[in-house]
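See structure below.
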Amino acid sequence: MATPLPRDPIADARGNWERAGWSDVAAPMAAVTAIMRTQQLLLARVEGVLKPFGLTFARYELLALLSFARSGALPMNKASALLQVHPTSVTNAVDRLQDAGLVVRSRHPTDGRTTLVELTRQGKTLARQATLALNEEVFASSGFPEQDVDDLIQILGRFRRNAGDFTD
C-alpha cells in the first residue's frame, strides 16, 4: 500500500470542478471517482487474499458460483449471465480453471449445443478454502462501519437497478 496522502485528492478534484464552473456536476464526479477508487482498494485486498490460492477474483467468482449450484455444474452461458460478464471472459476463466484441475467441461445431457462447466472435487475444496479466507480477511472486516453496510447495499442496489442490471 502506498503512503497515505496528506489530503483527499478526490475532494481536491471536486474543488477544481467547482472552480472551473462545473459545480452542478462536481459532487456526482466526486462520488463516481470515490466509488471507482474504493473498487480498486477492495479488489487489491481481495486479490491479495486469493493470490496464495492461485486465483484471481474473476476465477474465484466462477468457482463460488458453481459451488452454490445444486449439481456443482452450470451451462457456460448461464454462468456468464449470472456473473454479468461476456461469454469470452467465462471461457477464459474456465480454460484457466480447467488447466488447474478445478473444473471440467462436458456436454449437456439433453442439449448437445450447451456446454456445462462443473467443479471437480479439488475445485470444491479450493472454492471453500478461498471463501473461508475471504470471509475472515475481507468480509468480516470490510472497512465499512457496520451501520453503513445496509445503506451502501441499498444505494448501490438502486443504482444498479436503475442502470438496468436487474428488474426485481
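Quick note: numbers below take in every heavy atom, side chains included, and nothing from hydrogens, waters or symmetry partners.
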Other residues, nucleotides, ligands: >12 heavy atoms within 6.0 Å of Phe139 CZ: yes

Distance, nearest 0.5 Å, that separates CG of Leu152 from OG1 of Thr38: 9.0 Å

Any donor-acceptor pair under 3.5 Å from Thr33 side chain to Met29 backbone: yes

Results of salt bridge (charged side-chain N to carboxylate O under 4.0 Å, His left out) for Arg45 - residues two or more places apart only: none

Listed once per pair and sorted, the ring-ring contact (aromatic ring centres under 6.0 Å, His included) pairs that draw on residues 14-33, sequence neighbours left out: Trp17-Trp22

Nearest-0.5 Å distance that lies between atom CG in Leu97 and atom CG in Leu63: 5.0 Å

Check: Thr91 side chain, Pro87 main-chain N or O, donor-acceptor pair, under 3.5 Å: yes

CZ/Phe68: more than 12 non-hydrogen atoms of other groups inside 6.0 Å: no

Contact list for residues 105-129, test ring-ring contact (aromatic ring centres under 6.0 Å, His included), sequence neighbours left out: none

Any residue meeting side chain to side chain donor-acceptor pair (under 3.5 Å) with Arg107, in chain and number order, not counting sequence neighbours: Thr115

Atom pair CG (Leu156) and CZ (Arg161), whose distance is rounded to the nearest 0.5 Å: 12.0 Å

Cationic N near anionic O, under 4.0 Å, Arg160 to Asp168: no

Reported CG-to-CD distance for the pair Leu42 and Glu47, which is rounded to 0.5 angstrom: 12.0 Å

Straight-line distance of Gln39 CD to Ile35 CD1, nearest 0.5 Å: 11.0 Å

Heavy-atom side-chain proximity of Asp111 to Pro75 below 4.5 angstrom: no

Phe57 vs Val49 side-chain heavy atoms within contact, under 4.5 Å: no

Contacts of type salt bridge (charged side-chain N to carboxylate O under 4.0 Å, His left out), residue Arg70, not counting sequence neighbours: none

Backbone N/O of Phe144 and side chain of Asp148: donor-acceptor pair under 3.5 Å: no

Pairs where residues 121-133 contributes a residue and the test side-chain hydrogen bond (donor to acceptor under 3.5 Å, both in side chains) is met, not counting sequence neighbours: Tyr60-Thr131

Transitive ILVMFWY side-chain link Val94 to Leu102, under 4.5 Å: yes

Ionic contact status for Arg14 with Glu18, cut-off 4.0 Å: yes

